[in-house]
There are 2 protein chains.
Amino acid sequence: MVQFHDAHADTAFAALADATRRGVLERLGRSDASITDLAQSFGMTLTGMKKHVAVLEQAGLVATEKVGRVRTCRLGASRLEAEAAWIERYRALWAARFEALDAVLADLKQNNSSNGGHHD
Amino acid sequence: MVQFHDAHADTAFAALADATRRGVLERLGRSDASITDLAQSFGMTLTGMKKHVAVLEQAGLVATEKVGRVRTCRLGASRLEAEAAWIERYRALWAARFEALDAVLADLKQNNSSNGGHHD
DNA sequence: ATGAAACTGAACCATATGGTTCACTATAAG
DNA sequence: CTTATAGTGAACCATATGGTTCAGTTTCAT
């Protein structure tokens, strides 16, 4: 029962798992924008876009502030650092596994001509 | 209408957006495992685990091979390279935005008074 | 040949997701 | 004061997701 539940990774990756939301991040990378701006850019209703923004905000990827009647969205203070760190950690796992595989392959190549060596 | 639809990013991030699936990746980082192994480790039915593995396989994060009656799962050939690249690209966007913010703040500090504090 | 083990597939269930419309509030602008 | 603009919230809808059970199928061991 390993289980290790990381709620932040859940919400962050879920937020990134949608093309519209990734598009919003890219858009906000160019300049801040209102909900209306975003809704229009991505051809959807205000309400729909507001939900996407809420998801991104929940994940800490976007920050918003309402002044007057317009809510302005910008990239969140939490840069993608946590997510990048997560991915890097797993890339290390991959590397380790594939190094092991490489070792096995090298070994096979060595014993190849001599006898019928068998591994794992 | 920016839209830019990247189907691979969709499936990859969606695959990562689940704690059980991330746990499976970690588990496979230690050693290959059968569906039964994984199901037991995570306290769920064979069928349930098989679905998770299917999702990971679809995303290219896991590869499986069935020999005899047991299907062995290992980390996929697609290391998290695409995902890491994606994230790095966006971290660049973040950096650009925050550099702009820094410039604004620096400007403010200039015009403020001769004695300045600090930011960030 | 019998039976257990490992997987597979279909059907089902509850909840989440991505989107809509409609009614409403709050702020600008005339 | 009146009206248009920007956003909000509730209700709804279709589909996807994460899980289950149950009924196979194949393979391995007796």
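Each chain gets a letter, A, B and so on, in the order its sequence line appears, and its residues count up from 1.
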For the backbone of B:L16 and the side chain of B:R22, can you confirm whether one donor and one acceptor N or O come within less than 3.5 Å of each other?
yes
Residue met sooner reading DNA chain D from 5', once A:K50 and B:R21 are mapped to nucleotides
A:K50
What integer distance in Å separates A:L16:CG from C:dG18:P?
12 Å
Hey, is the main chain of A:H52 close enough, under 3.5 Å, to the side chain of A:R21 for a donor-acceptor pair?
no
Just to be sure I understand the rule, does B:T47 reach a base, reach only the sugar-phosphate, or reach nothing, if contact means heavy atoms closer than 4.0 Å?
base
How long is the line joining NZ of A:K51 and C1' of C:dA16, in whole Å?
11 Å
Indicate, with a heavy-atom threshold strictly under 4.0 Å, whether A:G68 touches base, sugar-phosphate, or nothing.
sugar-phosphate
Is the base of D:dT5 touched by the side chain of A:R69 through a donor-acceptor pair closer than 3.5 angstrom?
yes
Please say yes or no: joined through hydrophobic side-chain contacts below 4.5 Å, possibly via intermediate residues, are A:L93 and B:V24 part of one cluster?
yes
What is the distance from NE2 of A:H52 to C1' of C:dG19, rounded to the nearest Å?
8 Å
N/O donor-acceptor pair under 3.5 Å between A:R27 side chain and A:A33 backbone:
no
A:I35 atom CD1 is separated from C:dT25 atom P, nearest whole Å, by 20 Å
Mind calculating the distance between CZ (A:F13) and C1' (D:dT17) to the nearest angstrom?
18 Å
If you only use heavy atoms from C-beta on, which nucleotide in D:dG7, D:dG18, C:dC7 is closest to the side chain of B:D18?
D:dG18
Length of the CZ-P vector between A:R71 and D:dG9, whole Å:
9 Å
Classify A:L46 by what it touches in the nucleic acid, base, sugar-phosphate, or nothing, heavy-atom distance under 4.0 Å.
base
Have a look at B:K66 and say if it touches a base, only the backbone sugar-phosphate, or nothing, with a 4.0 Å heavy-atom cut-off.
sugar-phosphate
Given atom CG of B:D10 and atom P of D:dA16, what is their separation to the nearest angstrom?
13 Å
Same apolar cluster (I L V M F W Y, side chains within < 4.5 Å links), B:V53/B:L46:
yes
When B:V70 and A:A14 are each assigned the nearest nucleotide of DNA chain C, the 5'-most assignment goes to B:V70
Could you check how far CE of A:M44 sits from P of C:dT21, rounded to whole Å?
12 Å
